[in-house]
Amino acid sequence: MRWTQTFIPTMKENPADAEIPSHQLMLRAGLIRQLMAGAYTYLPLGLKSLKKVEAIIREEMNAAGGIEIFMPALQPIDLFERTGRKDAFGNVLMNFHVRRGDRTLHVALGPTHEEVVTDLVARHISSYRQLPLTLYQIQTKFRNEERPRFGVLRTSEFIMKDAYSFSTNLEQLDAVYQQMYHAYCRIFARCGLNYLPVEAESGPIGGDASHEFMVPADNGEDRIMYCKSSGYAANLERADTGRKPPQIETSKEAKPLEKVATPNATSIEQVSRMLKITPQQMIKTLIYLVDGKPVAVLLRGDHEANEAKIRRALKASQVALADGVTIEEVTGAPTGFAGPVGIRCPIIADHDVPVIANAVSGANEVDAHLTGVNVGRDYQVTTTHDLRNATPGDPCPKSGAPMEEVQGIEVGHVFKLGTKYTESLDANFLDQNETRHPIIMGCYGIGVTRVLAALAETSHDENGLSWPLSVAPYEVLLIPLNVDDAELMKVANSYYDELKDNGVDVLMDDRDQRPGFKFKDADLIGIPLRVVIGGKGLQEGKIEYKWRTDSAPQKTAVDTGVETILGLLDERRKVEASRVPG
RNA sequence: CGGGACGUAGCUCAGCUUGGCUAGAGCGUCUGGUUUGGGACCAGAAGGCCGCAGGUUCAAAUCCUGUCGUCCCGACCA
């Protein structure tokens, strides 16, 4: 492609609306333009990369046994009512009424396609002989995000690869899951991403049933606990704190229980400042409604509650923070003064709570806290649980070494679903014994547009983007330095033609601009290999090439330049391929 | 949904506090000329419902009210 024949609107300055590097650079390099919050146009450069990512995904999905289909974004709302996800999605599900003749249809724009694909399978699969089956598509998804942000990282309309596996038993499901997991590793490696598979919340099947693929990045929205020595990595929601139940006994240094006045101090921070103590000395008492009944959850003052863990510990189905009225009922005080001593509801404590000697907690009385709170004497717990988010320094559940927290961008998710959808949508099969069972599902998603953003976010320098060869919009950027020089253009054009004839994806900057201008744009859009044809070089029979990641260009003979470039590209492709797991 | 910031030329921004000439600059665009290896220079030109609506005032980009939009923090995110 010739630059003057396409549409690459680069920008010299950072748009005011963009804050993080990927958003700024994708705008400046002319990959995307915003239409409204959470909706972006992909310009030629962005679209080319997107298509290359899609091609890689297709190759790997096909190799892993996936069958491509294409389902409608437009879906009847009753499918979501049957699976209960109309309510589960709530406002995130875009849905509306349309008139059709004298009828009114209630439709949704698909946020994902479990319902549609399961309905399809329910209608056409009925025998174990037809299974296993894995269907996938690459398609636009719609989610009414409460807060779209960070450019293309979180949008209300985005491209996703979603795959769904259908199996007769858990062994089959495990096999597909492993295949998909492996395919995902290959996809992200081929895209040149530095990725980390992390354990995620696993839902009904439990165990090792869900992994998210994260790209470590400071601006990532997800928090991951990571252990360098064991390789253990888990979503913050999921990560084990590695703590064990402590011995529960009253401290030998127990001081007397005392009530202190703490007017208007309702937060851990305010109380610790007022009493000149650290949050670690405090007991945080959170009142939850667990399946409708109040329960006091005790945590160390500096820790965060984890509702999924609380739900599991209590074997409950619903857990939510209690309202002010309930809190007054069980504590006898407004929100902010709850404590375990004398509270009128069951207590459940985190492992780290009973070991706090002479703790400070709310007094269950307005404007008052207690000091010298000790387990056994002042409040009773018989056992403890892991009820909180892990924090940096917590021991790794595998190695015991301190874990660290890293931020990440979620680019993929593999998940063993089980029979949630097949049961509600009647997707059954008959086994060898003519017995009917619900089909066992798995689902596997990749945020295709997010892969692009993650690459931009993690692969750039102060001058612009830097693409891997595999997904770069173009592999080679050919720069003739003076388009008015007929001799020079003759060489440039023959390079352009020959490279194209050899299957190289080449962009020629044929704009009538000064060299410096072109070099700046070259760095900004980040094409991996830059080839410069200039008057000075031609005089000595040389052309110049430079990898985007190199600092200085190298020279090679004009006559053999094309072969040199082809060789360089081959070599680089091999290097990139060597990073892909086999 | 709670909190904060912003909205003036295609882009980045000044002007608003303390209302008052024809609303400015740099970059970009167009024309002519000089240039040509890291975002050139000179001369000229085009380009604005100052987000929108209402109000106060002799007079509003500027003050007030409302509204829409965008961004950031938080909540939310099968």
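Residue numbering restarts at 1 for every chain, and letters A, B, ... go by the order of the sequence lines. Keep in mind that what you see is a predicted model, and the values were worked out from it rather than measured.
The base of B:rG37 lies outside donor-acceptor range of the side chain of A:Asn482, with no N or O pair under 3.5 Å.
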List, with names and distances, any nitrogen or oxygen atoms from the protein found under 3.5 Å away from nitrogen or oxygen atoms belonging to nucleotides 4-9 of chain B.
none

N/O contacts under 3.5 Å, protein versus nucleotides 24-34 of chain B?
from: B:rG26; atom 1: N2; to: A:Glu13; atom 2: OE1; distance (Å): 3.3

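Contacts between residues 24-44 of chain A and RNA chain B, defined by a heavy-atom separation under 4.0 Å, are made by A:Arg28, A:Gln34, A:Met36, A:Ala37. Contacts between residues 68-81 of chain A and RNA chain B, defined by a heavy-atom separation below 4.0 Å, involve no residue at all.
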Listed pairs under 3.5 Å, donor-acceptor, residues 522-534 of chain A side chains, sequence neighbours left out:
none

Only distances under 3.5 Å count here; give the side-chain donor-acceptor pairs of residues 12-21 of chain A to other protein atoms, sequence neighbours excluded, each with its distance to 0.1 Å.
none

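The side chain of A:Asp523 sits closest to B:rG38 out of B:rG39, B:rC1, B:rG38. Among B:rU35, B:rG38, B:rC73, the nucleotide with an atom closest to any side-chain atom of A:Lys520 is B:rG38. With B:rC71, B:rA75, B:rG37 as the candidates, the nucleotide lying closest to the side chain of A:Glu19 is B:rC71.
The 5' end of RNA chain B is approached more closely, in terms of each residue's nearest nucleotide, by A:Glu146 than by the other of A:Glu146 and A:Glu114. A residue-by-residue look at A:Phe89 and A:Pro553 shows that A:Pro553 has its nearest nucleotide of RNA chain B further toward the 5' end.
With hydrogens and angles ignored, the 3.5 Å screen pairs a side-chain donor or acceptor of A:Ser459 with a backbone N or O of A:Ser466. In this structure, the side chain of A:Glu405 does not engage the main chain of A:Arg223 through any donor-acceptor pair within 3.5 Å.
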